[in-house]
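Here the structure comes first, spelled out in structure tokens, and everything after it is commentary.
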Number of protein chains: 2
Amino acid sequence: MVQIKSSDLPDPSGDRPEESRSLRRKREILDAASRVFRQRGLHASGMREIAGELGMHVGNLYYYFRNKEELLAFCQEDSLSGLLNLAREALALDAPPDRQLRHLIVGHVVLLNEETPGSLAHLEVEALTGEWREKIMAKRETYEASIRQILEAGARQGLLQVDDARLAAMAILGSLNWTVKWFRRDGDMSASEIGNAFADQILSGLSAREANLRRQSS
Amino acid sequence: MVQIKSSDLPDPSGDRPEESRSLRRKREILDAASRVFRQRGLHASGMREIAGELGMHVGNLYYYFRNKEELLAFCQEDSLSGLLNLAREALALDAPPDRQLRHLIVGHVVLLNEETPGSLAHLEVEALTGEWREKIMAKRETYEASIRQILEAGARQGLLQVDDARLAAMAILGSLNWTVKWFRRDGDMSASEIGNAFADQILSGLSAREANLRRQSS
DNA sequence: ACTTGATTTGAACCATCGTTCAAAAGGTAC
DNA sequence: GTACCTTTTGAACGATGGTTCAAATCAAGT
């Protein structure tokens, strides 16, 4: 009777060389689940398919996760942890807020589309209920707050022009999150290329100006 | 045995005073379904709940729609028709492309969040298969093409700065579509206020400039 | 009133899906 | 090799949800 506690799955995604066998297996399941969720869509993919992806049987999943919702919640938490790390990374950057923002934008697109396989789940908080929902939403709120923090710092320093940080953050997040709906691994642009192009557009805006200032730093 | 053909539900949402009883009922169902989809989420809402919303019984739905997928497809088509109208409207506007773009942006946010009740469905093309999926995706492609058309016209006239119209369109659409995930009817901003703020941000960009040109027309 | 076709009911069917559990298999330390 | 805990299996249960359909009801037209 192991019964792994919900507080497992450490935030730093760095691999401990000596993780218990059980935890490694758990992460394997998590990754498989994420993959399936992404391919077939959240509600279209059942526990049996997730188990099948790993060549195991359904019941076995319930040895590691209490139910489907917990599995989904862990996927989302994993994905969000990556984003929170990214946000910390961006804020710790020794660079002006506009560059911090670019770092975050590019990282977000890469994370959602190339690294974290569970990203799609991140878009479906509605599927969660109760404590899990609150926990995930709290984490998401923290992430959004980090973005606002960058924007407001930029505004304070006169580098960014931000009327309503909350609104600006949602506009940005919309562009970034939406990429999971159309990004293709075999497309003609990598995630980081897309991220950089988005950063260009978000920072410069679409309006042409007389003096065409392509970039103002470097 | 009436068997309404799939080509019904006329694009112009203007009410014909003499629509057949059957068609009116069909639209009632469509609206109810959209409402339920939106509240409970697509997969969480069953046929019984949709029927319940109208005080009718399950089986009756199948007199008007072959199955759930057809119901969903019609919802999406309805929503997309509204957007296509909007795009035509914007393009027909006797104004420079940047104003056409603003018109489209504001209209899109309003349509998705206040007018068309079936908007949420619009975000879930994955749930469709076969012919329906293709039909919806084709319509969506047409809409996106309209946006690119505006952007490219703007670029040609030197009014807009667009590197990659396809990418720019996706960034914009992401911001707009994402609003349905967080917009609240009882929030402190109306859909059109949000749309206008978005248009400001998308056009001007976040980078502060020496000459702070808030608006360049009017 | 009577007939005919349109609409609605009510109940059932069937597949799928999440979940449970007792039993089998694996792995390890003594 | 044997005892003990971990992990996996295989099969089943119960609920839900989409779907079907024959029968009942409704709405006109004559």
Side-chain angles (χ1 to χ4, degrees), chain A residues 1-6 8 18-33 36-37 39-75 121 124 126-130 132, chain B residues 1-6 8 18-30 32-34 36-37 39-75 121 124 126-130 132:
Chain A
M1 199 69 71
V2 160
Q3 269 331 348
I4 299 158
K5 275 166 257 86
S6 305
D8 291 332
E18 277 313 334
E19 252 177 348
S20 79
R21 171 168 164 62
S22 158
L23 272 187
R24 261 186 288 118
R25 201 92 176 99
K26 203 171 181 180
R27 171 148 279 134
E28 269 178 40
I29 295 177
L30 223 59
D31 288 354
V36 176
F37 282 154
Q39 284 171 0
R40 305 238 209 288
L42 175 57
H43 290 273
S45 51
M47 295 301 256
R48 280 162 240 264
E49 300 180 59
I50 296 173
E53 177 85 5
L54 284 162
M56 58 167 59
H57 289 225
V58 211
N60 202 5
L61 292 181
Y62 289 84
Y63 180 73
Y64 295 94
F65 298 91
R66 264 208 296 282
N67 49 39
K68 192 184 183 183
E69 195 179 351
E70 177 167 309
L71 184 47
L72 178 64
F74 276 38
C75 282
E124 323 219 23
E126 305 86 20
L128 297 180
T129 62
W132 280 307
Chain B
M1 199 70 68
V2 160
Q3 268 334 346
I4 299 157
K5 275 165 261 88
S6 305
D8 292 332
E18 277 312 336
E19 251 176 347
S20 80
R21 172 167 162 61
S22 156
L23 272 188
R24 261 186 288 115
R25 200 92 175 96
K26 203 171 180 178
R27 171 148 278 133
E28 268 177 40
I29 296 178
L30 223 59
S34 300
V36 176
F37 281 154
Q39 283 171 0
R40 305 238 209 287
L42 174 56
H43 290 273
S45 50
M47 295 301 257
R48 281 163 239 262
E49 299 179 60
I50 296 173
E53 177 84 6
L54 285 161
M56 59 167 58
H57 289 226
V58 211
N60 202 6
L61 292 181
Y62 289 85
Y63 180 74
Y64 294 95
F65 299 91
R66 263 208 297 283
N67 49 37
K68 192 183 182 183
E69 195 179 350
E70 177 167 309
L71 183 49
L72 178 64
F74 276 39
C75 281
E124 321 220 23
E126 305 87 19
L128 297 180
T129 62
W132 281 306

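Lettering follows sequence order; numbering is per chain, from 1.
The ring-ring contact (aromatic ring centres under 6.0 Å, His included) test with B/F74 is passed by exactly one of B/F65, B/Y64, B/F37: B/F65.
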* Taking protein heavy atoms under 4.0 Å as touching, what does nucleotides 15-22 of chain C look like 5' to 3' if B marks base contact, S marks sugar-phosphate-only contact and - marks none? -> --BBBB--
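Atom CZ in B/R40 sits roughly 11 Å away from atom P in D/dG17 (whole-Å rounding). Atom CZ of B/F65 and atom P of C/dT7 are 13 Å apart (whole Å). Atom-to-atom, NZ of A/K26 to C1' of D/dT8 comes out at 17 Å; the value is rounded to the nearest Å. Atom C1' of nucleotide C/dT7 and atom CE of B/M56 are separated by 9 Å, given to the nearest angstrom. Between the OH atom of B/Y63 and the P atom of D/dA22 there is a distance of 16 Å, given to the nearest Å. Note: CD1 (A/I29) to P (D/dT7) measures 11 Å, nearest angstrom. For the pair A/R25 CZ and C/dG26 P, the computed distance is 14 Å after rounding to whole Å. Across the protein-nucleic acid pair, A/R24 atom CZ and D/dT7 atom P stand 11 Å apart, rounded to whole Å.
Checked by atom type and distance alone, the side chain of B/E69 pairs as donor or acceptor with a backbone atom of B/T129 at under 3.5 Å.
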Mind listing the N/O atom pairs, protein and nucleotides 25-28 of chain D, below 3.5 Å?
none

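Proximity of B/L30 to B/K26: side-chain heavy atoms (C-beta onward) are nowhere separated by under 4.5 Å. B/L61 has its side chain within reach of B/M56: a pair of non-hydrogen atoms, C-beta onward, lies under 4.5 Å apart. Two residues are said to be in side-chain contact when any heavy atoms from C-beta on lie closer than 4.5 Å; A/L54 and A/N60 fail this criterion. Inter-residue side-chain proximity for A/L71 and A/R66 is flagged as unmet; no heavy-atom pair is nearer than 4.5 Å.
For the pair B/N67 and B/M47, the tightest heavy-atom approach, listed with the atom from each and the gap, is C-CE, 4.2 Å. Of all non-hydrogen atoms in B/A44 and B/E49, the two that sit nearest each other are O-OE2, 3.2 Å.
In this structure, B/H57 reaches the C/dG10 phosphate: one of its side-chain N or O atoms is under 4.0 Å from OP1 or OP2.
Summarising the geometry, atom OG belonging to B/S45 is positioned 10.0 Å from atom CD belonging to B/E53; distances are rounded to the nearest 0.5 Å.
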